[in-house]
Amino acid sequence: MLTIGELSKATGANISTIRHYERVGLLPAPSRSDGNQRRYTDSARAQLAFISQARDLGISIDDIRDMIELTTQPSLEEADARRIVGEQLSNVTLKMSRLTKLHRELERLSRLDPADNPDSRLIEVLALETRPGSQAEK
């Protein structure tokens with residue numbers, strides 16, 4: 001069992017972030033010691049590491065919640081599971097496309113001589129992808 005400080009150190013997540021994830025239901029409430037100290041399992045550590053990585057990749061809390069639901073609720077209806085998987089696959093595909101465009105433009109710029117005042121299309125590459133209601137806003 002890990003204390004909140006040990007969990008923080010093991011995952012790189014701030015203590016306040018861990019508490020927030022508990023409040024919003026991304027992490028299950030931990031057991032408590034006799035002194036009322038939070039005690040986390042290795043499973044909670046793995047789940048927090050997943051949440052942290054997903055957030056670093058720009059995945060929304062709602063989408064993370066859906067993905068966790070896939071693994072923690074074996075009784076989830078097949079239609080719901082397929083919907084969640086489909087939505088997440090679409091989201092990841094869109095993000096990969098955007099990152100690929102950004103990667104290409106950064107590579108192009110890296111090959112140019114800065115003294116030539118290169119025509120940077122960095123802003124345009126991603127600005128075209130960001131519209132009201134688009135996934136980029138989540």
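Owing to the predicted nature of the structure, the values given are computational and were not obtained by experimental measurement.
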Got Val24 and Arg65 here, is their nearest side-chain heavy-atom distance under 4.5 Å?
yes
Quick one, Asp42 and Arg45 - any side-chain contact, counting heavy atoms below 4.5 Å?
yes
Between the CG atom in Leu94 and the CG atom in Leu89, the distance rounded to the nearest 0.5 Å is 11.5 Å
Do Thr3 and Arg39 touch side chain to side chain, with heavy atoms closer than 4.5 Å?
yes
Taking every heavy atom of Ala13 against every heavy atom of Ser52, the minimum-distance pair comes out as CB-OG, 4.1 Å
Nearest heavy-atom pair of Leu26 and Ile68: which atoms, and what distance?
O-CD1, 3.7 Å
With a 6.0 Å cut-off (strictly less than), is the heavy-atom count around CD of Glu77, excluding the residue itself, greater than 12?
no
Nearest 0.5 angstrom please: Lys95 NZ to Ser90 OG, how far?
11.5 Å
Please enumerate all residues that pass side chain to side chain contact (heavy atoms under 4.5 Å, CB included) together with Glu69, with sequence neighbours excluded.
Asp66, Gln73, Leu76, Ile84
Taking the side chain as everything from C-beta on, heavy atoms only, tell me whether Leu48 gets closer than 4.5 Å to Tyr40.
no
Run the side-chain contact (heavy atoms from CB on, under 4.5 Å) check on His20 and Asn14 step by step: do they pass?
CA-CA 10 Å; His20 171 72; Asn14 291 326; over 6 Å; no
What is the minimum heavy-atom distance between Arg38 and Pro30, and which atoms define it?
CG-CG, 3.6 Å
What do the steps show when you test Lys9 against Glu6 for salt bridge (Lys or Arg N to Asp or Glu O under 4.0 Å), and what is the final call?
CA-CA 5 Å; Lys9 187 173 183 178; Glu6 292 166 337; over 6 Å; no
Please examine the side chains of Ile18 and Leu27, heavy atoms only from C-beta on, and report whether any two atoms are closer than 4.5 Å.
yes
Taking 4.0 angstrom as the limit, do Glu105 and Arg108 come out as a salt bridge?
yes
Closer than 3.5 angstrom, by distance alone: can the side chain of Ser97 be matched with the main-chain N or O of Thr93 as a donor-acceptor pair?
no
Side-chain heavy atoms of Thr71 within contact of Gln47, under 4.5 Å:
no
Do Leu57 and Met67 sit in one hydrophobic cluster, given that two such residues count as connected whenever their side-chain heavy atoms are within less than 4.5 Å of each other, even indirectly?
yes
When you measure from the side chain of Ser110 to the backbone of Glu107, do you find a donor-acceptor pair of N or O atoms at a distance under 3.5 Å?
yes
Checking one residue: Val92. Which other hydrophobic residues are in its cluster under the side-chain 4.5 Å linking rule?
Met96
Between Met1 and Ser33, does a side-chain contact (heavy atoms from CB on, under 4.5 Å) hold up when you go through it step by step?
CA-CA 10 Å; Met1 298 292 267; Ser33 69; over 6 Å; no
Assess whether atom CZ of Arg82 is packed by more than 12 heavy atoms of other residues, nucleotides or ligands within 6.0 Å.
no
